[in-house]
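Okay, so here's the structure we're looking at.
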Amino acid sequence: MKLYEAVAAARIYLGEESAPPDVAEEDTLTRRLVDCANLALAEIAAEYAPLTARSKVVATDGGFEISALPKRATKIKKVFKDGAEVAFRQRARRCETNADGTLEAEYEYLPPRAELNDECDLDAAVGAKTLALGALAEYCAIQGMFEQSEGFAERFREDMRTVVRRSREIRLPKRRWE
């Protein structure tokens, strides 16, 4: 999904447009909605649907700097050396391991800042409507429209609960009465 789809939906919710608008990047409202949508993207990745990646990194002196990873890591999940899992300890800026050399780290990360025509880096189950609701919750709070902000935030949280529930669905095997 491109970010402009969520911004266009947000403008419709605000009553700015009655049909999908031709979003102009110079527009002040559009710029604010892009900023708010980026806040919502970070919230989605941090609290509801974490983004994961695997990258190679070089460890020296018993660890590696977390900033050496290509994406903005928030949590190291696993570290591998030659395909085998290695013990590690995550610190604020460094990941300590007992292995040196080329390692592979699996980690959660925050999405990069998206501009209006960029593709959003988020879970495929999250739609433009949900992202628009998150952006509007932020926008209304910034503008001092607290009742509207809480309404949009509640709708956003409900949509995200649905997305998270669907992706973490627990299935039990069928039972038979005998």
Side-chain angles (χ1 to χ4, degrees), residues 1-57 65-77 90 92-95 105-169:
M1 164 188 55
K2 296 218 180 239
L3 188 61
Y4 71 79
E5 295 173 36
V7 171
R11 291 179 72 110
I12 291 171
Y13 277 117
L14 285 175
E16 293 290 318
E17 307 283 343
S18 59
D22 182 25
V23 179
E25 201 165 344
E26 311 80 45
D27 185 11
T28 305
L29 175 62
T30 300
R31 293 302 319 150
R32 286 187 182 149
L33 288 173
V34 166
D35 292 340
C36 293
N38 277 294
L39 291 172
L41 282 170
E43 181 179 350
I44 290 168
E47 295 182 25
Y48 296 103
L51 300 169
T52 58
R54 257 179 118 141
S55 301
K56 291 190 184 284
V57 65
E65 297 295 320
I66 293 175
S67 61
L69 294 167
K71 299 183 182 207
R72 198 169 50 166
T74 56
K75 178 183 177 185
I76 307 294
K77 295 173 74 174
Q90 183 177 344
R93 294 187 177 146
R94 186 167 170 79
C95 183
E106 183 178 316
Y107 58 97
E108 294 178 2
Y109 67 94
L110 291 177
R113 178 176 170 73
E115 292 302 325
L116 191 60
N117 293 314
D118 291 345
E119 197 71 31
C120 294
D121 192 4
L122 75 155
D123 190 311
V126 179
K129 173 193 156 239
T130 304
L131 183 56
L133 290 171
L136 285 169
E138 299 288 343
Y139 175 78
C140 290
I142 291 169
Q143 295 298 314
M145 300 183 287
F146 301 113
E147 289 178 16
Q148 292 93 332
S149 174
E150 188 52 41
F152 286 126
E154 182 56 39
R155 291 171 67 188
F156 169 71
R157 286 190 294 267
E158 184 60 37
D159 276 7
M160 287 311 304
R161 279 192 291 269
T162 303
V163 168
V164 170
R165 189 177 320 123
R166 200 174 317 139
S167 66
R168 295 185 183 162
E169 186 175 342

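Every heavy atom of this structure was used, including side-chain atoms; hydrogens, water molecules and symmetry mates were not.
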Between [Y] and [X], is there a side-chain heavy-atom distance shorter than 4.5 Å?
| X | Y | answer |
| --- | --- | --- |
| Tyr48 | Val126 | no |
| Phe156 | Leu136 | no |
| Val163 | Ile44 | no |
| Ile142 | Arg32 | no |

Practice prompt. Please check if the side chain of Ser149 supplies one atom and the backbone of Ala137 the other of a donor-acceptor pair under 3.5 Å.
Written response: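 Pair found, side chain donor or acceptor close to backbone of Ala137.
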Discussion item. When you measure from the side chain of Gln90 to the backbone of Ile76, do you find a donor-acceptor pair of N or O atoms at a distance under 3.5 Å?
Written reply: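 Looks like yes, one N/O pair under 3.5 Å.
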Worksheet entry | Residue pair Arg31, Glu115: steps toward the salt bridge (charged side-chain N to carboxylate O under 4.0 Å, His left out) verdict | CA-CA 9 Å; Arg31 293 302 319 150; Glu115 292 302 325; 3.1 Å; yes
Discussion item. Between Phe152 and Tyr13, is the side-chain contact (heavy atoms from CB on, under 4.5 Å) condition met? List the steps.
Written reply: CA-CA 10 Å; Phe152 286 126; Tyr13 277 117; 4.3 Å; yes
Considering only NZ, NE, NH1 and NH2 on the basic side and carboxylate oxygens on the acidic side, decide whether [X] and [Y] come within less than 4.0 Å.
| X | Y | value |
| --- | --- | --- |
| Asp121 | Arg113 | no |
| Glu150 | Arg155 | no |
| Glu158 | Lys129 | no |

Worksheet entry | Option from Leu133, Asp123, Thr130 for which side-chain contact (heavy atoms from CB on, under 4.5 Å) with Met160 holds |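 Only match with Met160 under side-chain contact (heavy atoms from CB on, under 4.5 Å): Thr130.
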Practice prompt. Dump the intermediate steps for side-chain contact (heavy atoms from CB on, under 4.5 Å) on Asp35 and Leu39, then the final yes or no.
Written response: CA-CA 7 Å; Asp35 292 340; Leu39 291 172; 5.9 Å; no
Practice prompt. For the pair Glu65 and Val57, evaluate side-chain contact (heavy atoms from CB on, under 4.5 Å) and give the outcome as yes or no after the intermediate values.
Written response: CA-CA 9 Å; Glu65 297 295 320; Val57 65; over 6 Å; no
Practice prompt. Take atom CD of Glu119 as the centre, draw a 6.0 Å sphere, and report whether it contains more than 12 heavy atoms from other residues, nucleotides or ligands.
Written response: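 Yes, because the 6.0 Å sphere around CD of Glu119 holds more than 12 heavy atoms from other groups.
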Fill in: More than 12 heavy atoms from other groups under 6.0 Å of CZ on Arg157
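Atom CZ in Arg157 is packed in, count exceeds 12.
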Item to complete: Locate the shortest heavy-atom distance separating Ala132 from Ala10; write the atom from each residue and the value.
Response: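 That closest heavy-atom pairing would be CB-N, 3.7 Å.
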